[in-house]
Amino acid sequence: MDLGLISVRYARALLKASMEANEADKVYNDMQLLSESYIKVPELRFTIDNPMLSKDNKEKLFIAATGGTPCDLTKTFFKLVLKEDREGVMQFMANSFITLYRRKKNLIRAKLLTASVVSPVTEKKLRQLVESKTSGNVEFETEVNPEIIGGFVLEYDTYRMDASVKSKLNTILSQLKK
């Protein structure tokens, strides 16, 4: 059984149905929440894979993993997946849907890591910089990590700009060791 092929087929069908029903954004949010739940709660995968757990309870788990209020199309999708005994592939389906949705909508993920909170003006400028470089819409995420001491790390697509004080100090340290 090719998990990648199965997950992509289900994800494509869900994307097509969500686009036709004008609920693609809602389903995208549901799939993001589900994907995050699988990452944050590793036991979810083992619980869903448990053959002793009823389909109704698995459906309730999926609904809870999507924040408790998924859209109707997402609920219908869960029922279909459970009916076809494909719940063990749900994590891959969610990730495949997210990838297909981003490709369809030309969405680029960008992450800004800073030592302290940045102003909304600075965040907006960096978002515009990434948008101009990628000619796409940007999902911008910011994270504060005091361990980088100062500066920032900007990641998008396959690009990484590390202008943190920590990396500069590590570079100096490695040069001194030579």
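All figures in this text were calculated on a predicted structure; none of them were measured in a lab.
Val165 and Leu126 fall into different hydrophobic clusters, where Ile, Leu, Val, Met, Phe, Trp and Tyr residues are linked whenever their side-chain heavy atoms come under 4.5 Å apart, directly or through other members. Val81 is not connected to Leu33 by any chain of hydrophobic side-chain contacts under 4.5 Å among Ile, Leu, Val, Met, Phe, Trp and Tyr, and they are in different clusters. A continuous path of hydrophobic side-chain contacts links Phe97 to Ile63 [ILVMFWY only; heavy atoms under 4.5 Å]. At a threshold of 4.5 Å between side-chain heavy atoms, the hydrophobic network of Ile, Leu, Val, Met, Phe, Trp and Tyr places Ile48 and Leu82 in one connected group. By the rule that hydrophobic residues join a cluster once side-chain heavy atoms approach within less than 4.5 Å of another member, Leu113 and Val118 end up as members of separate clusters.
For the pair Asp25/Lys105, a side-chain contact is recorded, criterion being any heavy-atom separation below 4.5 Å from C-beta on. At a threshold of 4.5 Å between non-hydrogen side-chain atoms, the residues Thr142 and Thr114 do not count as touching.
Taking OG1 from Thr66 and CG from Asp30, the interatomic distance works out to 5.0 Å, rounded to the nearest 0.5 Å. Annotation: the span from Tyr10 atom OH to Arg86 atom CZ amounts to 5.0 Å, rounded to 0.5 Å. To the nearest 0.5 Å, atom CE of residue Met90 and atom CG of residue Leu44 are 10.0 Å apart. Of the inter-residue distances, the one linking Thr99 atom OG1 with Leu107 atom CG reads 11.5 Å to the nearest 0.5 angstrom. From Gln32, atom CD reaches atom CD1 of Ile98 across 5.5 Å, with rounding to the nearest 0.5 Å. Note that CD of Glu87 is 11.0 Å distant from CG of Leu61, once rounded to the nearest 0.5 Å.
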Query raised in the report: Does the side chain to side chain contact (heavy atoms under 4.5 Å, CB included) test come out yes or no for Leu100 and Arg12, once each step is laid out?
Result: CA-CA 7 Å; Leu100 291 171; Arg12 278 190 188 135; 3.6 Å; yes
Query raised in the report: Is there a salt bridge (Lys or Arg N to Asp or Glu O under 4.0 Å) between Lys58 and Asp49 once you walk through the steps?
Result: CA-CA 9 Å; Lys58 290 180 182 184; Asp49 288 343; over 6 Å; no
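At a threshold of 4.0 Å, the pair Asp56-Lys79 does not count as salt-bridged, since none of the basic side-chain nitrogens sits closer than that to a carboxylate oxygen. The pair Glu139-Arg102 counts as a salt bridge, with a side-chain nitrogen and a carboxylate oxygen less than 4.0 angstrom apart.
Applying the side-chain hydrogen bond (donor to acceptor under 3.5 Å, both in side chains) test to residues at least two apart or on different chains, the pairs with a partner in residues 121-135 are Ser119-Thr122. Residue pairs meeting the ring pair (Phe, Tyr, Trp, His ring centres under 6.0 Å) criterion with at least one member in residues 113-151, sequence neighbours excluded, do not occur. For residues 17-39, the ring pair (Phe, Tyr, Trp, His ring centres under 6.0 Å) pairs, not counting sequence neighbours, are Tyr28-Tyr101.
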Could you go through residues 14-23 and list every donor-acceptor pair under 3.5 Å that involves a side-chain atom there, pairing it with any protein atom two or more places apart or in another chain?
unit_1 : atom_1 : unit_2 : atom_2 : d
Ser18  : OG     : Leu14  : O      : 3.1
Ser18  : OG     : Leu15  : O      : 2.8

Review item, side-chain donor-acceptor pairs of residues 148-163, under 3.5 Å, at least two apart:
unit_1 : atom_1 : unit_2 : atom_2 : d
Glu155 : OE2    : Arg160 : NH1    : 2.4
Asp162 : OD1    : Ser164 : N      : 3.1
Asp162 : OD1    : Ser164 : OG     : 2.7
Asp162 : OD1    : Ser167 : OG     : 3.2

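Surrounding NZ of Lys75 are more than 12 heavy atoms belonging to other residues, nucleotides or ligands, all under 6.0 Å away. The environment of CD in Glu147 is sparse: at most 12 heavy-atom neighbours from other residues, nucleotides or ligands sit within 6.0 Å.
In the hydrophobic clustering, Val117 connects to Val144, either directly or through intervening members, whenever side-chain heavy atoms lie under 4.5 Å apart. By the 4.5 Å side-chain criterion applied to Ile, Leu, Val, Met, Phe, Trp and Tyr, Val121 is assigned to no cluster and stands alone. Taking Ile, Leu, Val, Met, Phe, Trp and Tyr as hydrophobic and joining them when side-chain heavy atoms fall under 4.5 Å apart, one finds Leu176 in a cluster with Ile172.
For Lys104, there are no salt bridge (charged side-chain N to carboxylate O under 4.0 Å, His left out) partners two or more places apart in sequence or in a different chain. Partners of Asp72 according to the salt bridge (charged side-chain N to carboxylate O under 4.0 Å, His left out) rule, which considers only residues two or more places apart in sequence or in another chain, do not exist here. The ring pair (Phe, Tyr, Trp, His ring centres under 6.0 Å) search around Phe77 returns none, not counting sequence neighbours. When the salt bridge (charged side-chain N to carboxylate O under 4.0 Å, His left out) test is applied to Glu36, no partner is found at least two apart in sequence or on another chain.
With Ser7 contributing its side chain and Met93 its backbone, the two residues share no donor-acceptor pair below 3.5 Å. Judged purely by atom type and a 3.5 angstrom limit, Lys111 has no side-chain atom pairing as donor or acceptor with the backbone of Glu141. With hydrogens and angles ignored, the 3.5 Å screen pairs a side-chain donor or acceptor of Ser96 with a backbone N or O of Phe92.
Side-chain contact of Asn50 with Thr47: a donor-acceptor pair under 3.5 Å is absent, judged by distance alone.
Residues Asn106 and Gly136 share a closest heavy-atom pair of ND2-CA, 3.4 Å.
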